Trainee: 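Here's a structure for you.
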Amino acid sequence: MSQSCFPVRGVIALTAALFCAVAVAEVPGDFRILDYRASELGAAAGRPVASLSVLSWQDGALQPISFQIDSIGEADLVWFPESGLTREGDPERFLADDRLLIRAADIGPRAPKDVALPDGVTPLAELAIEDVTGGPGYVYLVEGDNRRNPARYIDHDIESGITRTHRYQLHVDPENELNWRHLGYAGYEGDGSIIDTLKMRMSGGFLSRRARMTLDNTNLRPQLAGSKVGPLRSVMHLETRVVLGGIPVMRLQVQAYRYPDHYEAHSYARIPALYRNTLRDPEVAVSIDGNAQYGATVQTARGKELRGLVDGRMDDEEQQLIERGLTTTDSWILFDSRRNFILLADLDVPASLQDIPLTLVYQDDNQLEITPEQFPGQLPNIGYALRGWPPERELRFAVRLLFGNAIADDYSPEDYVAARMARPSLSVTPWSPSYSSQSVTQPHH
């Protein structure tokens, strides 16, 4: 890994000038983190987590690459004992839905068939992964290799709320993860923070549609119930007790994931029968409020030729975007600042919940105030509102925010979305190379 343009610690000036220069038209997928379930990875499944390593063929030798293993529990969330969610099986072993994370950039060519391994290292599996060029690349799972690649791609200080990677800088209120204070991105040509804040709102009529109550970032105030900062992503488990009319009605679990080039928020709640029966027309909305992004454009999965232009007032084309709406299976929103920053938002909902109605949140108004916010106006405010109750007795959804610079000239918005959200195919085979001593090569930094 090349030396980051950020120091590992120290005072951060919250301006885009801190970033290193980058190419304007990026190749989609350069900074992807790939994750695979233990159940997909052959002989590696069931092994002690601490014994596993991942290698790739680099400079004529098998080298250790950065990887991360996260234990997974109930609701497909990263498991923390403090969260109160359940987990099946020993958390010290790589089981079932546990995740292995690797960087797409670390995938290498196929190792020679007669490659030798150090004494005591057991080969487990060869992973053939389709790379961005369409050809296969390879990584290798082994047991008993004590070498570790020291490279880390996330610098997240939970106490200060500051995250830095080689691509972006995010500063949130350390007391409330929902309150974003600053987002900067490498190469962004605007001033100050790109966005105002992240907004989460829950509302419903208590016993009747008219007696409607709304909770926002200020009321929800998620509390930290577990965290992990790994080399490839950081995870915060946050818990909110939803109280309406003085009555505790639901416990909402939110996990915030920070990756080298994007951010995800995964939400989960069991819905008590009393809550379903007493709350009318419930709605959960998650949106991103831009900071004076005049001249930016917004396109959506169902908008076709429509393109919203941010100018502080709603026009007919923007109203049509709202009317065309979104569905849980057709949900992407593409924001282009026209100043060398783009944001691709996508909503992920489990198949069992995909009948829940979804609407597009879109506001372009330089006078409208929707608290909390640091800067006046909604310029723009874009995101998702899930309305009504799903048929299941639980609510689960994830919002992904993928950051980038600009779309290459030969990519349409649809091409760009497909490339950013593509999951490379995986083929796993048992691996049995020569099993003899070799000198150990130190990993590249």
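From a predicted model like this one, the values you see are computed outputs, not experimental measurements.
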Trainee: Stepwise, does the side chain to side chain donor-acceptor pair (under 3.5 Å) test hold for His262 with Glu264?
Mentor: CA-CA 7 Å; His262 79 279; Glu264 298 181 6; 2.8 Å; yes
Trainee: Taking atom CD of Glu239 and atom CG of Leu224, what is their separation to the nearest 0.5 Å?
Mentor: 10.5 Å
Trainee: How about Tyr138 and Trp57: are their ring centres within less than 6.0 Å of each other?
Mentor: no
Trainee: Is there a donor-acceptor pair closer than 3.5 Å between any side-chain N or O of Arg324 and the backbone N or O of Gly303?
Mentor: yes
Trainee: To the nearest 0.5 Å, tell me how far Leu344 CG sits from Arg400 CZ.
Mentor: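 So the gap between those two atoms works out to 10.5 Å.
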Trainee: Run the ring-centre check on Phe31 versus His166 and record whether the distance is less than 6.0 Å.
Mentor: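 Ring centres of His166 and Phe31 closer than 6.0 Å.
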Trainee: Look up atom OG1 in Thr328 and atom CG in Leu358, then write down how far apart they are to the nearest 0.5 Å.
Mentor: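 Between Thr328 OG1 and Leu358 CG, I get 6.5 Å after rounding to 0.5 Å.
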Trainee: For a side chain to side chain contact (heavy atoms under 4.5 Å, CB included) check, start with the C-alpha distance between Gln354 and Thr329, then their side-chain angles and the critical distance, and finish with the verdict.
Mentor: CA-CA 7 Å; Gln354 286 179 354; Thr329 56; 3.3 Å; yes
Trainee: With a 6.0 Å cut-off on ring centres, are Tyr416 and Tyr411 close enough?
Mentor: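 So the answer is no for these two rings.
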Trainee: Any chance you could lay out the side chain to side chain contact (heavy atoms under 4.5 Å, CB included) test for Lys199 and Asp216, step after step, and finish with the verdict?
Mentor: CA-CA 7 Å; Lys199 294 182 176 180; Asp216 59 21; over 6 Å; no
Trainee: Between Arg302 and Glu414, does at least one N-O distance fall below 4.0 Å, as a salt bridge requires?
Mentor: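 Between Glu414 and Arg302 there is no salt bridge, as every charged N stays at least 4.0 Å from the carboxylate O atoms.
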Trainee: Is it the case that the side chain of Ser331 and the backbone of Leu347 share a donor-acceptor pair, with hydrogens and angles ignored and the cut-off at 3.5 Å?
Mentor: yes
Trainee: I would like to know whether Tyr268 and Glu74 meet side chain to side chain donor-acceptor pair (under 3.5 Å); could you show each step before the answer?
Mentor: CA-CA 10 Å; Tyr268 167 71; Glu74 185 179 356; 3.3 Å; yes
Trainee: Please give me the minimum heavy-atom distance between Val139 and Ile107, naming the atom from each residue.
Mentor: CG1-CA, 4.1 Å
Trainee: Given the ring of Phe94, does Arg47 sit roughly above its face, with NZ or CZ under 6.0 Å from the centre of the six-membered ring and within 45° of the axis?
Mentor: no
Trainee: Taking the six-membered ring for Trp, are Tyr168 and Phe403 parallel (under 30°), tilted (30 to 60°) or perpendicular (over 60°)?
Mentor: perpendicular
Trainee: For the pair Asn217 and Asn179, evaluate side chain to side chain donor-acceptor pair (under 3.5 Å) and give the outcome as yes or no after the intermediate values.
Mentor: CA-CA 7 Å; Asn217 296 22; Asn179 292 335; 3.0 Å; yes
